[in-house]
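Heads up: the structure comes next, in structure tokens.
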Amino acid sequence: MTALVYYTCFTSSLGGGDILPLLIVDYLQRKGISVTLALNWQSDVENAMKIIGVSADMSRLSIAFVKPRITFLRKIDAILPFYTTWQLKKLAKKSDLCISTANLVDFGKPAHHFVYLLRTFGDNAFVDYVNHGAHGTVRRRFSQKLKTFVAETIIRPILGVRSTRKIIATPREHIYSTSMYVERILRAFYGNFTNTVFYPPTLFTPTEPLAKKDPLRVVYVGQIFPEKRVLDIIDIVSRARAATGKDIRLDIAGSLIDTHYVRKVREIAYTCAWLSLVGYVSGEAKSRFLSSATYAIHGERDETFGISITEYLKSRIIPIVPDEGGACEIVDSKALSYSDNGQASDILSRLLSDETFRDQQLRHCVQRAALFTVQSYTNRQSAVLDKIIEGVPQK
């Protein structure tokens, strides 16, 4: 049996989404399946495997790159991925099983599609809905609506690229939503479709003995860009400091690449002795970073899942999360979910002052952590992939 697994690419700053494709490759190989890994760009796959801790056999892994190299074609393909689709269809013809770990793609045959990021979903109309309609924040301009209509109903069919709506409406295509929240949004926009809620890999296990918890230490682990609302996290801690009079400290771990948003965060850090930026952490460094923290704050409101939140739980950290998105689904505590910065600050302040409340929430978080252990994930993955493999027609 042969399988084609598609992903975007692996960068030096690996995120949660980078783990799934490598785990799938490893599992399929151990089942004796010949695997081709299709990527958009050149990537150091072997190094990514080492960082994540996956032992797939590189000597038996074929790697193909599906994005155009010519600048002109790249620009067009970024808007409408006709070239990428053509390349994937060629590879799919030689494959018995096709899996995308980067949202829905047109393989030209029924496949399995794991949802990756909603903002890069590949359907202009759906992305508009997520950015504006789903949350009712901004009305779309007529030009946006026209561009979406032309792209989805005219240009895609001409180029031979099935729209996301056509893919998702085909019963033989199977979608794997990263959370019940994602499933609700997809169904609200597309209607019913073949779906399985599949929580992504949660492989982090604390390697450092959990140190004595610092009762005033708050942490954040993740990317530092606008959608993550890191500036809001800083504001929440600042408000709690003012409300409680306690010397609360916030430590932020995330890649400090030079962007306008990162520069804003840096400017604030220069003036706040209680705010520390430690850069990107992984493995044992991440475990050490989390070991003595007591609280964490998550800012992104439309998080499709939130792997870092499971890492907080497993480190016996109490996370404060938005009251929407996958984040609150993971924590599953209304007492730890906020609608705005003021409410988040109130929750943090109460945790700091009310020992009974804090102990109740910690016990709840420890219970939730059991759902996201390595063994729990491995069991879920085995069940899903075994079912996928069993469904491949025998030659």
Side-chain angles (χ1 to χ4, degrees), residues 1-8 17 20-21 24 28 33 35-36 38 40 66 77 79-130 133-134 148-198 200 304 383-395:
M1 186 185 298
T2 59
L4 172 63
V5 178
Y6 169 66
Y7 185 55
T8 54
L20 180 61
I24 289 178
L28 294 178
I33 299 172
V35 182
T36 295
N40 287 347
V66 296
D77 195 70
I79 301 171
L80 288 170
F82 69 95
Y83 183 94
T84 300
T85 300
W86 292 346
Q87 298 304 308
L88 287 172
K89 284 182 176 179
K90 287 181 184 178
L91 294 169
K93 287 179 181 179
K94 306 173 186 177
S95 305
D96 303 310
L97 167 63
C98 296
I99 297 175
S100 170
T101 58
N103 295 331
L104 280 63
V105 297
D106 184 7
F107 287 105
K109 61 179 11 175
H112 299 266
H113 311 264
F114 289 81
V115 175
Y116 174 49
L117 292 173
L118 295 184
R119 293 190 187 89
T120 59
F121 203 63
D123 179 345
N124 293 334
F126 178 73
V127 173
D128 285 348
Y129 173 73
V130 169
T148 295
F149 174 80
V150 172
E152 297 299 325
T153 61
I154 300 176
I155 300 180
R156 278 183 183 270
I158 290 175
L159 294 174
V161 179
R162 277 191 301 163
S163 68
T164 302
R165 183 172 289 278
K166 285 189 176 180
I167 295 172
I168 206 170
T170 303
R172 293 179 65 197
E173 304 277 4
H174 202 116
I175 318 303
Y176 300 83
S177 302
T178 49
S179 61
M180 291 182 284
Y181 161 74
V182 169
E183 181 183 35
R184 286 195 300 271
I185 287 183
L186 290 173
R187 289 195 189 282
F189 187 80
Y190 292 109
N192 289 328
F193 60 95
T194 308
N195 181 77
T196 297
V197 174
F198 179 75
T304 56
V384 166
L385 292 181
D386 285 348
K387 187 174 181 180
I388 289 174
I389 294 168
E390 290 167 5
V392 177
Q394 299 296 315
K395 292 183 178 180

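No hydrogens, no waters, no symmetry mates; every other heavy atom, side chains included, goes into these values. All values derive from a computational prediction rather than experimental measurement.
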Spatial distance of atom [atom1] ([X]) from atom [atom2] ([Y]) [nearest 0.5 Å]:
X      : Y      : atom1 : atom2 : answer
Asp106 : His113 : CG    : NE2   : 8.5 Å
Ile388 : Ile99  : CD1   : CD1   : 5.0 Å
Lys109 : Leu97  : NZ    : CG    : 9.0 Å
Asn192 : Leu186 : CG    : CG    : 11.5 Å

- Message: Closer than 3.5 angstrom, by distance alone: can the side chain of Ser177 be matched with the main-chain N or O of Asn195 as a donor-acceptor pair?
- Response: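 Side chain of Ser177 to backbone of Asn195, a donor-acceptor pair under 3.5 Å: no, none is there.
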
- Query: For the side chain of Ser95 and the backbone of Ala3, is there at least one donor-acceptor N/O pair under 3.5 Å apart?
  - Reply: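 Not confirmed, Ser95 side chain does not pair with Ala3 backbone.
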
Heavy-atom distance under 4.5 Å between the side chains of [X] and [Y], does that happen here?
X      : Y      : value
Ile389 : Leu28  : yes
Phe189 : Arg165 : yes
Ile24  : Tyr7   : no
Thr164 : Tyr190 : yes
Thr178 : Tyr116 : no

- Task: Decide side chain to side chain contact (heavy atoms under 4.5 Å, CB included) for Phe126 and Ile168; before the verdict, give the C-alpha distance in whole Å, the side-chain angles of both, and the deciding distance to 0.1 Å.
- Result: CA-CA 12 Å; Phe126 178 73; Ile168 206 170; over 6 Å; no

- Task: Can you sort out the partners of Arg184 under salt bridge (charged side-chain N to carboxylate O under 4.0 Å, His left out), two or more places apart, ordered by chain and number?
- Result: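 Residues passing salt bridge (charged side-chain N to carboxylate O under 4.0 Å, His left out) with Arg184: none at all.
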
- Message: Which residues pass the side-chain hydrogen bond (donor to acceptor under 3.5 Å, both in side chains) test with Thr196, not counting sequence neighbours?
- Response: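 Per chain and number, Thr196 pairs via side-chain hydrogen bond (donor to acceptor under 3.5 Å, both in side chains) with His174.
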
- Using the test side-chain hydrogen bond (donor to acceptor under 3.5 Å, both in side chains), find all partners of Asn103 that sit at least two apart in sequence or belong to another chain.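 side-chain hydrogen bond (donor to acceptor under 3.5 Å, both in side chains) list for Asn103, sorted by chain: empty.
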
- Task: State which residues pass ring-ring contact (aromatic ring centres under 6.0 Å, His included) with Phe107; sequence neighbours excluded, sorted by chain then number.
- Result: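 For Phe107 there are no ring-ring contact (aromatic ring centres under 6.0 Å, His included) partners, ignoring immediate neighbours.
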
- Got a sec, which pairs hit salt bridge (charged side-chain N to carboxylate O under 4.0 Å, His left out) with one end in residues 170-182, sequence neighbours left out?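 Matches after skipping sequence neighbours: Arg162-Glu173.
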
- Non-hydrogen atoms of Leu88 and Leu4 that approach each other most closely: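 Where Leu88 meets Leu4 most closely, the heavy atoms are O-CD2, 3.9 Å.
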
- Write down the atom of Ala92, the atom of Cys98, and the distance for their closest heavy-atom approach.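 So the minimum-distance heavy-atom pair works out to CB-SG, 3.6 Å.
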
- Heavy atoms of other groups near Lys89 NZ, more than 12 under 6.0 Å: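 Yes, NZ of Lys89 has more than 12 neighbouring heavy atoms, counting only those of other groups under 6.0 Å.
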
- Taking the six-membered ring for Trp, are Tyr176 and Phe114 parallel (under 30°), tilted (30 to 60°) or perpendicular (over 60°)?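 Rings of Tyr176 and Phe114: parallel, under 30°.
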
- Message: Going by the rule side chain to side chain contact (heavy atoms under 4.5 Å, CB included), which residues pair with Gln87 if we only count those two or more places apart in sequence or in a different chain?
- Response: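 For Gln87 the side chain to side chain contact (heavy atoms under 4.5 Å, CB included) partners, ignoring immediate neighbours, are Val66, Tyr83, Lys90.
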
- Task: Can you spot which of Ile175, Val115, Val197 makes a side chain to side chain contact (heavy atoms under 4.5 Å, CB included) with Glu183?
- Result: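 Passing option: Val197.
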
